[in-house]
Amino acid sequence: MTSVGRDSAGLVDEEPGMEGTAGDAVVVAGRPGGGGSDEVLAVAAAEVDADRKVVEAPRDLVSAVEDPAGEDGVTYGAYVPRPTPRIMAIANQKGGVGKTTTAVNLGAGLAELGYRVLVVDLDPQGNATTGLGIDGRNFELSMYDVIMREAALEDCIEPTSLKNLFVAPATIDLAGAEIELVPTFSRELRLRKALESVIEDFDFVMIDCPPSLGLITVNGLAAAAEVLVPIQCEYYALEGLGQLLRNVHLVQSNLNEALEVTTIVLTMYDARTKLAEQVAQEVRRHFGNKVCRNIIPRTVRISEAPSFGQPITVFDPSSRGAIAYRELAREVSGGTP
């Protein structure tokens with residue numbers, strides 16, 4: 001996936017479909033949430049000819065990216081268009097950081113905005129499946145059949161109670177798939193191949209990866225173009241994150257050149273503690289503008305929602321958690337389609 005940014009000569013690369021030549025300055029307008037006024041956020045290239053072109057990014061295809069000031073003192077930045085469909089792997093090898101909660105509730109928030117969303121449950125615990133109200137006794141095929149038996153993914157997909165939101169369910173059988181995949185041909189690319197047949201039916205595919213770095217997670221990373229990393233605002237937040245980033249780099253180098261960590265979400269934020277604020281500051285210092293502005297608070301209502309088989313946006317639409325995930329959905333997507 002290409003992006004708008006500076007190359008070694010200070011020029012601005014172009015997104016596919018943008019008009020203009022290499023020497024043009026690409027200017028992206030239309031900042032979401034910018035107080036109603038369209039700001040020009042991208043900057044001039046080293047050499048600009050007389051008839052430079054202005055490209056306005058559709059408001060529904062923009063996501064926040066801001067680069068630090070360049071050597072010439074000019075701040076380079078733009079809301080880079082990310083065309084749909086977007087495939088996002090939600091991964092963190094540390095358990096209990098909010099991967100499944102984010103997959104379910106961010107998916108629900110995107111569905112409320114009008115996007116068609118598929119949540120792919122790759123965790124053998126099947127929490128995303130039950131969290132969206134899908135009973136294991138009510139479906140015949142699961143992600144185990146898709147990955148191990150090459151069943152058609154479209155036959156596995158189940159609708160949820162929320163319009164535009166669908167789930168590819170998981171069962172405990174997936175736990176054995178880690179071992180069964182070892183001698184299998186093209187074992188890392190099973191999910192990518194399965195998604196090819198349904199990807200045009202969805203705007204977002206959210207892949208809920210298990211809390212490990214085994215073959216199932218590698219399948220998720222190999223199929224995605226983006227990695228979303230939830231980080232809890234607690235002491236051990238950054239533990240193991242370096243290994244995750246190394247594995248993302250390995251997958252990028254060997255299986256999936258398009259893969260990049262685009263989004264980091266701070267979860268379980270407790271405003272009553274100084275520690276949460278310090279962790280948030282540290283994560284922002286390390287990862288800069290990859291970290292979303294919207295932070296997910298630690299609330300009892302978010303914890304209760306899965307037991308009712310509903311996303312927080314349905315279970316308690318006016319709660320702090322529901323509002324936070326709706327705002328996160330707007331930030332990740334760039335607005336309504």
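- Arg298 places no side-chain N or O within 3.5 Å of a backbone atom of Gln232 that could act as its donor or acceptor partner.
- Using a 4.5 Å heavy-atom cutoff, the side chains of Asp201 and Glu154 are not in contact.
- Looking at Ile216 and Met143, their side chains never come closer than 4.5 Å, going by heavy atoms from C-beta outward.
- One distance of note links CZ of Arg284 with NZ of Lys290; it measures 14.5 Å at 0.5 Å rounding.
- Checking side-chain atoms of Asp173 against main-chain N and O of Tyr144 turns up no donor-acceptor pair under 3.5 Å.
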### Task
Apply the test side-chain contact (heavy atoms from CB on, under 4.5 Å) to residues Asn256 and Arg192: give CA-CA distance (whole Å), side-chain angles for both, the deciding distance (0.1 Å), then the verdict.
CA-CA 10 Å; Asn256 182 5; Arg192 183 199 291 185; 3.6 Å; yes
### Message
For Phe139 and Val167: C-alpha separation, side-chain torsions, deciding distance, then whether side-chain contact (heavy atoms from CB on, under 4.5 Å) applies.
### Response
CA-CA 11 Å; Phe139 56 85; Val167 61; over 6 Å; no
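- At a threshold of 4.5 Å between non-hydrogen side-chain atoms, the residues Leu122 and Leu191 count as touching.
- Going from atom CG of Leu228 over to atom OG1 of Thr262 covers 6.5 Å, rounded to the nearest 0.5 Å.
- Using a 4.5 Å heavy-atom cutoff, the side chains of Ile134 and Asp121 are not in contact.
- Heavy-atom neighbours of His249 NE2 from other residues, nucleotides or ligands within 6.0 Å: at or below the threshold of 12.
- Counting only distance, with no hydrogens or angles, the side chain of Asp316 and the backbone of Ile312 share no donor-acceptor pair below 3.5 Å.
- Both tests do not hold together for Arg86 against Phe204: distance to the six-membered ring centre under 6.0 Å, angle to the ring axis within 45°.
- For the residue pair Gln243 and Arg246, a side-chain donor N or O sits within less than 3.5 Å of a side-chain acceptor on the partner.
- Electrostatic pairing of Arg293 and Glu327 does not count as a salt bridge here, judged by no charged N lying under 4.0 Å from a carboxylate O.
- Ionic pairing of Glu304 and Arg301 is present here: one or more N-O contacts between side-chain nitrogen and carboxylate oxygen are shorter than 4.0 angstrom.
- Judged by distance alone, the side chain of Thr101 and the main-chain N or O of Gly98 form no donor-acceptor pair under 3.5 Å.
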### Task
Decide yes or no on side-chain hydrogen bond (donor to acceptor under 3.5 Å, both in side chains) for Thr100 and Asn127, but give the supporting numbers first.
CA-CA 7 Å; Thr100 298; Asn127 290 337; 5.0 Å; no
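- In this structure, the side chains of Ile302 and Met268 stay at 4.5 Å or more apart for every pair of heavy atoms.
- In plain terms, the two heavy atoms of Pro230 and Thr267 that are nearest each other are CB-CG2, 4.1 Å.
- Rounded to the nearest 0.5 Å, atoms CE (Met88) and CG (Leu106) are 7.0 Å apart.
- Counting heavy atoms from C-beta on, the side chains of Leu132 and Pro311 come closer than 4.5 Å.
- Going from atom CG of Leu275 over to atom OH of Tyr269 covers 10.0 Å, rounded to the nearest 0.5 Å.
- In this model, no donor atom of one side chain and acceptor atom of the other lie less than 3.5 Å apart for Tyr325 and Glu112.
- Thr160 places a side-chain N or O within donor-acceptor distance of the main-chain N or O of Leu165, the cut-off being under 3.5 Å.
- A 4.5 Å side-chain heavy-atom check between Cys292 and Leu328 finds at least one atom pair inside the cut-off.
- With values rounded to the nearest 0.5 angstrom, Ile90 atom CD1 is found 11.0 Å from Glu226 atom CD.
- Between Thr217 atom OG1 and Ile207 atom CD1 the span is 10.5 Å, to the nearest 0.5 Å.
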